[in-house]
Protein chains: 2
Amino acid sequence: LCAPWSQPVRIRQTAGVRVHDLRTPCLIVDAATLDHNLTAMAAALPGRRLRPHVKAHKCTALARRQAALGHRGFTCATVREMEGLAAAGLGDDLLLANEVVDPERLATAAALEARGARVTVAVDSDATIEAAAAAGIREVLIDVDVGLPRCGCAPGEAGRLADRARKLGLEVRGVMGYEGLATIVPDPDERRPVVEEAMSRLAAAHEAVGGDVVSAGSTVTYAMNDTATEVQAGSYALMDTTFAAFEDLPFRLALSLWTTVISVNPKGYAVCDGGLKSLGMDHGNPTIEGRRVLVVSDEHITFSWGGDHGPAPAVGDRVRVLPAHVDPTVAYHERLWVVDGEEVVDCWPVDLRGW
Amino acid sequence: LCAPWSQPVRIRQTAGVRVHDLRTPCLIVDAATLDHNLTAMAAALPGRRLRPHVKAHKCTALARRQAALGHRGFTCATVREMEGLAAAGLGDDLLLANEVVDPERLATAAALEARGARVTVAVDSDATIEAAAAAGIREVLIDVDVGLPRCGCAPGEAGRLADRARKLGLEVRGVMGYEGLATIVPDPDERRPVVEEAMSRLAAAHEAVGGDVVSAGSTVTYAMNDTATEVQAGSYALMDTTFAAFEDLPFRLALSLWTTVISVNPKGYAVCDGGLKSLGMDHGNPTIEGRRVLVVSDEHITFSWGGDHGPAPAVGDRVRVLPAHVDPTVAYHERLWVVDGEEVVDCWPVDLRGW
């Protein structure tokens, strides 16, 4: 069938390029802020305590930074992400934290082992266990429902599924469970019991399953999950306005959408050239500091000026837009421009997109 | 700087492929429904009365169908869309219905004329007129604010801007204005006066500007805009659940996201493998007929079953998901699979993406 688009994006040198030279809309990553986020997390969860989730950035260049800080295991949402990481030499320990029943995709994942990768997949049912075994997958985690209405078996089923997997010759490394309900609780004191409740279910399942892996977590629970042996955090590297509002987190906004003002209306609003095709919108409108975002359409963000919303902009001005949700924003883009102040220092392909 | 990804997506033959063979998530287009939509619109607005907006599908193969039905002029939102159409031999009359001040992009658009294309760009300010003239653009439309808070000059400014453009050597073909406020009014009797109010402003501007083009409109106003000489409709070809709810429109849902059930929870919900990275979410959740969509996350749609929401699905079942907003949905995908019943009859690259 259709082959994926040809990788990689060709990169030309960025020497001498200033952020104002970049054509808009485009994503820019502040190098110093990214470094702050990566090192803050590596200090809190060194080495294998963190299994960075690449779905948030879909970028092997960024994953390489995470690996260089000691995190050699990665979490993936798609087989394509696993393929890309393995091809980039980052396949030491790849977890597909997602159920897959497509035999062709599972066989692709299994075949990565011949190229030196270690491959583990999440399973939560007889059907997914059978599909994994049939495709030649060797290692699995039992994915447990810890309260979020998504994938995962009932905690009481986990032991039976582990037995079933072992009977089919699979190595069961342990359990995983995503305490996603905690990610909508900004107050850490309220968030902590939500995490504990979810993790008590995961711990019970782990007891029945065995294995040495308890994989869980996210950017907003990394510091309060005492059950997980490894935390699957992704957003912490680039961040977005939704998670930046969680005041207990040390991670800062490293990602922004760089846009140009294309129209200024004397009624008090202006338009820049980002929009629905450059921003994930499920968490609502993006933010422009000092302005108010009024409407977002395909290739336009209308924002107000005047009064509390600042002086009139001019056509051609650049505007920095802060995305509300990092993952579906990055997935629209071919590349990330890495900037140090006003200087463009690198261009990273978003090379793990698609399926 | 970074070059765009290498085009085109390579297509393998689809002979003998059934829709159940497709790897998910993927977009499928029902060929018969698409034909119905295209021919219904061509009957209502033949030839140059329609200037199809390619931003809704970003696909030259689909544009070629529209051209074959007599619509030889196209509306574009980006210069990349213009480049792609011109390269595909569809450059007879390309309108960039969007303000651009980037000199490099405008020069790229102007250079398409040397390859046989006709290029017109929207301008709404002295700055955009000067940028167009400096880049070698020859023809413009004056973009007029007809009520939607987005681009467009005040109607009273249009004549002055046209004069300014002509002084700089630009040919002013006429005006354009988007009656976007009408696109949120489902009742046609309430929608019509919104269109009339907007178009009275555009007509006044046209009187001051001159030229033979009055470009306006959209899928939901195509039958009630008596002012426009040409209608810029895009969504009508593939449609989405938002516009399908407008009962006066003859266009039907041709686009769906094809997904696979990966997890079934005895509590009464199941999960399929579409999500935030395969659906534009600004118009809210997608629809699954006979089910209720509960939550959408990056690579998951959780939907309920039981009671009014149907019998339990099984892992591996295919689920057809109806997107709420066509444009930002298609922009996530590399290709459209065209199906005739259960048979896959074509694979069209979404080759006009990015910037």
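No hydrogens, no waters, no symmetry mates; every other heavy atom, side chains included, goes into these values. Fair warning: this is a prediction, and the values are worked out from it, not measured in the lab.
- Interface summary for chain A: among B:G152, B:C151, B:G180, the most heavy-atom pairs under 4.5 angstrom belong to B:C151.
- Of the atoms belonging to A:D298, it is side-chain heavy atoms, and not backbone ones, that fall under 4.5 Å from chain B.
- With a threshold of 4.5 angstrom between heavy atoms, A:N265 approaches chain B through side-chain atoms but not through N, CA, C or O.
- One distance of note links NZ of A:K277 with CG of B:D282; it measures 10.5 Å at 0.5 Å rounding.
- For the set A:R105, A:K267, A:E99, the entry with the most heavy-atom pairs within less than 4.5 Å of chain B is A:R105.
- Looking at every heavy atom in both residues, B:P328 comes nearest to A:Y332 through O-OH, 2.5 Å.
- Atom OG1 of B:T302 is separated from atom CG of A:L148 by 7.0 Å, given to the nearest 0.5 angstrom.
- The candidate from B:H325, B:M281, B:E299 with the greatest count of non-hydrogen atom pairs under 4.5 Å with chain A is B:E299.
- When the candidates A:D126, A:D273, A:D102, A:V296 are compared by the number of heavy-atom contacts under 4.5 Å with chain B, A:D102 comes out ahead.
- Between chain A and the residues B:G284, B:S297, B:A77, B:A131, the largest count of heavy-atom pairs under 4.5 Å involves B:S297.
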>> Run A:N98 and B:I262 through side chain to side chain contact (heavy atoms under 4.5 Å, CB included) and show every step you take.
In response: CA-CA 9 Å; A:N98 219 354; B:I262 55 171; 4.0 Å; yes

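- Listed options B:S125, B:G280, B:P149 were ranked by heavy-atom pairs under 4.5 angstrom with chain A; first place goes to B:P149.
- For B:R160, the CZ atom is densely surrounded, since the number of other residues' heavy atoms within 6.0 Å is greater than 12.
- The residues A:R23 and B:E104 are annotated as salt-bridged, a charged nitrogen and a carboxylate oxygen being separated by less than 4.0 angstrom.
- Legend: residues meeting side-chain contact (heavy atoms from CB on, under 4.5 Å) with B:D317, ordered by chain and number and at least two apart, are B:V261, B:P313, B:A314.
- Neither the backbone nor the side chain of B:I301 comes within less than 4.5 Å of any heavy atom in chain A.
- Put simply, the side chain of A:T260 reaches to within 4.5 Å of the side chain of B:V101, judged on heavy atoms.
- Listed by chain and residue number, A:P25, A:L257, A:H333, B:W355 satisfy the side-chain contact (heavy atoms from CB on, under 4.5 Å) test with A:S278 (two or more places apart in sequence, or in another chain).
- With respect to the salt-bridge test (charged N to carboxylate O, under 4.0 angstrom), the residues A:R80 and B:E334 qualify.
- Residue B:S263 forms a side chain to side chain contact (heavy atoms under 4.5 Å, CB included) with just one option from A:V123, A:T128, A:D145, A:D124, and that option is A:D124.
- Counting heavy-atom pairs under 4.5 Å between each of B:V100, B:V315, B:V295, B:L276 and chain A puts B:L276 at the top.
- Taking B:V344, B:T329, B:D327 one by one and counting their heavy-atom pairs under 4.5 Å with chain A, the maximum is reached by B:D327.
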